[in-house]
Structure formats: structure tokens, C-alpha cells
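Atom set for the values below is all heavy atoms of this structure, side chains included, hydrogens, waters and symmetry mates excluded.
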Amino acid sequence: MKRMLFREIAIMLVLALLVPMFSVAEDGNVELPDDVSELEQALGLEGFEAADAVEIEAGESLTLDGLPGELSGGEPEGLDAGVETGADMQFNEDENAAKKYGVPAALTLGVKETFALKCTKKKLTYKSSSAKIAKVDAKGVVTAVKKGKATITVYSNKKKLTTCKVTVVAAPKKVTLAMTGATIGVKEKLTLMPQVTKNSHTSFTYTVKNKKIATVSKTGVVTGKKAGTTTVTVKTHNGKKATLKLTVKKAPGKVTLEPKTLELEEGQSYTLAVTLPKKTASNKLTWTSSNKKVAAVDENGTVTAIKEGTAKITVRTFNKMKAVCTVTVAALPQPTPTPTTTPTPTPEPSTTPQSDQDTIFFGHYEQDNDLSNGPEPIEWRVLKQDGDTYTLISRYALDCKPYCTTQSDITWKICSLREWLNDTFLNSAFTSAEQAKLQTVTVKTEGSPFWVGSDTQDKVFLLSLSEAENLFSSDSDRICWPTTYAKAQGVAWGDSGACWWWLRSPGGYEWGECYVDVDGNVRWNLGGSEVGESDSVRPVICLRL
């Protein structure tokens, strides 16, 4: 068996083919000239080392991947030494060198920051392509000098081993911590995550004032040792500092949740209360749900009911103490027939709207104008049903809003009322879970005989002129009463107590819009350029139950 360097094999092959002047000894070794570097350079083999050595048996084939020049991509003509060639070699300059030799392929440093290249090879020398940007000493310690880019080349026995591309950026002007104080339990760990000035770089050092209270690792992991208080400091390479006041308490022996059982309706949320024994602490609390499809819980212990069913919400301290709350989620009320007489939310109307349609309560919005008792459930009238999807319009006028805040050529697509409905109203009337049940609808906005609208994609919208005419049984069926809150916002109403309410279709002019009057008649705004500041809003949604 013969051990041969790949580099020697490559040179030997080229010599056998192209450089017959060099002699071959009786033992089969090529006798190379004293100045091998010139030959390496001529052959493109300078710094080439695919492996340290290879062992082959007589008659055994060997593939030399990636040899340069004519030695790559196939067997040279006239070569019968049982050696095959290929073209798949990856040179040491690539990122594999970082793993093989322990030198990073790329490195970012702040000005005056240092980094030690810990190469696994011995007898190394280092060279920087620009010492004005990044210099390197004989031990491989790189020092960032000024902003820019440089390449550090590592040599082993005068052969290029690998490179490290260094980018130098600014040193930080300050360093901050996400918190100025923290409380942890004994044996609990807290990872500090300092932040520095944008577009800067640094390395951090950590110290703790009283190591009997807590310790801190080189990577900023703080561990509580015994009850007490101390200070942890993080420092950048250029001397910028930030401190954390740390309180350490005993680890909790138990944890409790209040309440232990909880009943919610779909879409409702509730934040559970955690109690630990006195003089104990757990900075980290882990929350889990046994069934996220029924009830989800966030990192603050806020439970959100998703759908009907039961789920167990568990909280765990850092030392594995746990408590459980059983959450039962009830389905939203299903559509029920509306009574023949429906009371209005205010006593002013002399009559009440009549309907033989179904009613659904969904979402909440202020209606009685008493802000102290919170928003009231919104009552929706079912206009049409398609399987489990319902098109709904609010039973009452919920607010007073202009169609547009400026007198200009306005259509539904660009009016301020559409923006308000799909932003302010949507987010105040519905929870995130409720919003997930609302369908995004392609709203067909047909024109009037004088003006043409355009289609939009909305979760909340208004009826068009034709929908207002066709989805109600009569003019009287379209009559609408405002809530007390809507009146307080400026809604105008007639002698009967009924109000005017907006449609989305354009009116007789570009700046006029269609509406329904106090008698339930569908109207075009044929004259003037009013924005209708006293008209009311009856939102329309498409709900999937």
C-alpha cells in the first residue's frame, strides 16, 4: 500500500502528460524540482489540498474531483494508471472550510472589536488583504480598524488553507436591555438580550455584582442562586454599559389559577389570574391549551373561546409547578324567530319595526349611550341565508357618519364611510375570533342611471340601491330606528322616530349617494353636493356559523 498526497498525485499526472523532463524514481515517486511553488502556480494548484492523504491498493481506481485545467472532467488521453478524474471538487474557500477548520467563512465586527480565529490546524500564518480595514496578528486575532471589507487568509505550512471575509461596521453608540429590572426564582434562568445602535456591531461581556445571589454566563444567561438583590451589567467592546436590577426569590412550591372553571361563549376572552406563594417567584410562566380549536391561550394567560367544547388551560412555572383551569365554550345563539313586535332600543319611536325574518346577536357596539356598562350585543336581521352563511343587516341604525368627509367625485370604493366600516367599526364591534367568522365579500356596486360605481372586497359594507329594493318586502319593512347612542352622535329622525340610512350606490351626481328615507322609500340624492352628516349607518356583514 502506498500513501500519496492528492497534490502530489495531481502534479505527477501533469508531469507524466505534459512535463516529461521530470524524472520518475524506481519506486514510482516523481522527483519534483526544489521550487515547487512555481509549478503549483503554473498548474493552478497553488493552495490546493483536497485531503491530507489517500491510501490505494495496486490496481484500485481513484477519483480526483475538481482538478484544474485539462485534468478535470474526464480521463486524459494516454493515461493508464487506473486513476479517474471528475469536476465536482469544492475548494477550501467555500463555507465548508468553516466547519472543517474552525474558521468562519464570514465575520462582522465593530470598529476596534477583536475576534480570535481558532483554527484546528497547526503552524499557521495569517494575512489580511487590507490591514487598514482589518488587521490580524501572528496568533490569528483579528482587529477591526475602520469601516470596510477585508479578507483574512490562513496558511498552513505556507499553503493557503482557507479565508475569512471580514466586514467592519460602526461600533455601537449605546446598549440597552429590554427591562431595567427583573425578578426570578432560585435556579431559574433568564437570558439577557441586549440591543445596540442600528448598523453597528459588538461583542458583549457580562458581570454580576454579587455572585452569591446570581451568576451570569458568557452568553448572558443569568441564574438565580439564593434570595436577595444584585445588579447585572452588560458591556460592549467599546465600553458602553447597561444594567439590570435583579431580585431573586425562592422557587414556588405551587401555583394556583383563578377561576378554576370558566364558561365562555364563542368569541369571548378572559384573562386568568395566577397566584404564587409569598416570597416566591417564577419569571417564566408557560401556558398551554389541551384543545386549541376550542380555546386558545396567549403568553399572558388570556383565554379566547373559539368553538363549542371543553379545553383545559394549564400554567407551569419554571420549576414545573402547574395549575389547571377547565374552560367550557358555548356556541353562539342560533337564529331564532323574531317576535311579531320588537322593542326598540329607545323609547322615542311611536311604533316598532315589524319582520318575519330571523334575528342573530353577534358582536358588541355601544347603543344605550351609557359607557359605564360597556357595549351592548348587536342585533342583526337575516336578509338571506345560503347554507351556513348568513347575510345580515343591523336591526337598528348604530351610528351617525358622513358618506364622505369631502365634497368631491366620490364612489363607494374610495369613500370615508367604507374605510371606517372596515377598520374602526370592524375592530371595535368584533373580537379577532368573531372577525374570523366574517366572510370577505366581493361587493358589486352597480351604478345609478347617472353614475357608475366599482366592485370592492369588504368584510363590512352597505346595501346597494337594488338590494334595498329587493331584500325587503315593502317600504315600511325598510323603516329603521336609531339607537340612543346613534342619536347622541347626531342622527336626524322624523316624526315617527325613524331615521334616514345610507346605501352604497351612487346618486344622481358623482357627489350624491342613495339612501332610504324615514318612510322606507329608496331615494337618489339628485341635487347638491352634501355629504350627509346626519344620516345613519346600518352595517351589512356576511357571517358563516
Within 6.0 Å of CD in Gln457, more than 12 heavy atoms from elsewhere:
yes

Close side-chain approach of Thr219 and Tyr206, heavy atoms under 4.5 Å
no

Smallest heavy-atom separation, Val208 atom then Thr215 atom, equals CG1-CA, 4.2 Å

Going by atom types only, do Ser269 and Thr302 share a side-chain donor-acceptor pair under 3.5 Å?
no

Minimal heavy-atom distance between Ile541 and Phe362, with the atoms involved, is CD1-CD2, 4.3 Å

Can you list the steps and then say if Lys293 with Lys307 is a side chain to side chain contact (heavy atoms under 4.5 Å, CB included)?
CA-CA 7 Å; Lys293 294 182 179 180; Lys307 72 172 185 178; 4.2 Å; yes

Heavy-atom distance under 4.5 Å between the side chains of Val136 and Val141, does that happen here?
no

Do you know the tightest heavy-atom contact between Cys119 and Val103?
CB-CG2, 3.8 Å

Flag side-chain contact, heavy atom, 4.5 Å: Thr304 against Tyr270
no

Leu190 vs Leu244, test: side chain to side chain contact (heavy atoms under 4.5 Å, CB included). Steps then yes/no.
CA-CA 11 Å; Leu190 175 67; Leu244 171 76; 4.3 Å; yes

Donor-acceptor pair between Asn427 and Gln435 side chains, under 3.5 angstrom:
yes

Can I get a per-line list of side-chain donor-acceptor pairs under 3.5 Å for residues 171-187, giving both atom names and the distance, sequence neighbours left out?
none

Going through the distances and angles, do Val222 and Leu192 end up as a side chain to side chain contact (heavy atoms under 4.5 Å, CB included)?
CA-CA 7 Å; Val222 179; Leu192 301 180; 3.9 Å; yes

Measure from the side-chain N and O atoms of Arg504 to the backbone N and O of Leu462, and report whether any donor-acceptor pair falls under 3.5 Å.
yes

Report the distance from atom CG of Leu438 to atom CG of Leu543, rounding to the nearest 0.5 Å.
6.0 Å

Could you give the distance from CD (Glu188) to NZ (Lys225), rounded to the nearest 0.5 Å?
14.0 Å

Using side-chain heavy atoms (C-beta onward) and a distance below 4.5 Å, is Lys241 in contact with Lys235?
yes

Hey, is the main chain of Val303 close enough, under 3.5 Å, to the side chain of Asp298 for a donor-acceptor pair?
no

Between Thr431 and Glu434, is there a donor-acceptor pair closer than 3.5 Å when you use the side chain of the first and the backbone of the second?
yes

Polar side-chain atom of Glu258 near backbone of Thr256 as donor-acceptor pair, under 3.5 Å
no

Separation between CD1 (Ile152) and OG1 (Thr162), nearest 0.5 Å, reads 12.0 Å

With no hydrogens and no angle check, just 3.5 Å: does a side-chain donor-acceptor pair link Thr326 and Lys312?
yes

Please check if the side chain of Thr230 supplies one atom and the backbone of Asn210 the other of a donor-acceptor pair under 3.5 Å.
yes

Intermediate values then yes/no, side chain to side chain donor-acceptor pair (under 3.5 Å), Thr314 and Lys322:
CA-CA 7 Å; Thr314 301; Lys322 70 176 183 178; over 6 Å; no

For the residue pair Phe318 and Ala281, what are the closest heavy atoms and their distance?
CE2-O, 3.6 Å

Decide yes or no for Leu257 and Val274: does some side-chain heavy atom of the first lie under 4.5 Å from some side-chain heavy atom of the second?
yes

Interatomic distance, Asn283 atom CG to Thr317 atom OG1 [nearest 0.5 angstrom]
11.5 Å

Close side-chain approach of Ile133 to Lys146, heavy-atom, < 4.5 Å:
yes

Could you check whether any side-chain heavy atom of Cys164 comes within less than 4.5 Å of a side-chain heavy atom of Thr151, counting everything from C-beta outward?
no

Is it the case that more than 12 heavy atoms not belonging to Lys112 sit under 6.0 Å from its NZ atom?
no

Does the Glu113 side chain pair with the main chain of Gly110, one donor and one acceptor, at a distance under 3.5 Å?
yes

Distance from Ile313 atom CD1 to Leu262 atom CG, nearest 0.5 Å?
9.0 Å

Find the distance between CG (Leu124) and CG (Leu117) and round it off to the nearest 0.5 Å.
9.5 Å

Minimum heavy-atom separation for Ala295 and Ala311, please, with both atom names.
CB-CB, 4.1 Å

Looking only at side chains, do Asp458 and Trp412 share a donor and an acceptor under 3.5 Å apart?
yes

Flag, side chain of Thr114 to backbone of Thr143, donor-acceptor distance under 3.5 Å:
no

How close do Leu417 and Pro402 get, counting heavy atoms only, and between which atoms?
CB-O, 3.7 Å

More than 12 heavy atoms of other residues, nucleotides or ligands under 6.0 Å from CD of Glu419: is that the case?
no

Given Val216 and Thr207, is the side chain to side chain contact (heavy atoms under 4.5 Å, CB included) satisfied, shown in steps?
CA-CA 7 Å; Val216 62; Thr207 56; 5.6 Å; no

Does the side chain of Arg418 reach to within under 4.5 Å of the side chain of Thr456, using non-hydrogen atoms?
yes

Checking Asn319 side chain against Ala251 main chain: does a donor-acceptor pair fall under 3.5 Å?
no

Can you tell me if Ser128 and Lys135 form a side-chain donor-acceptor pair at under 3.5 Å?
no

Mutual orientation of the aromatic rings belonging to Trp420 and Tyr365 [parallel < 30°, tilted 30-60°, perpendicular > 60°]
perpendicular

Just by distance, do the side chain of Thr202 and the backbone of His237 share a donor-acceptor pair under 3.5 Å?
yes

Apply the side chain to side chain contact (heavy atoms under 4.5 Å, CB included) test between Lys401 and each candidate in Val537, Thr424, Leu421; give the one that qualifies.
Val537

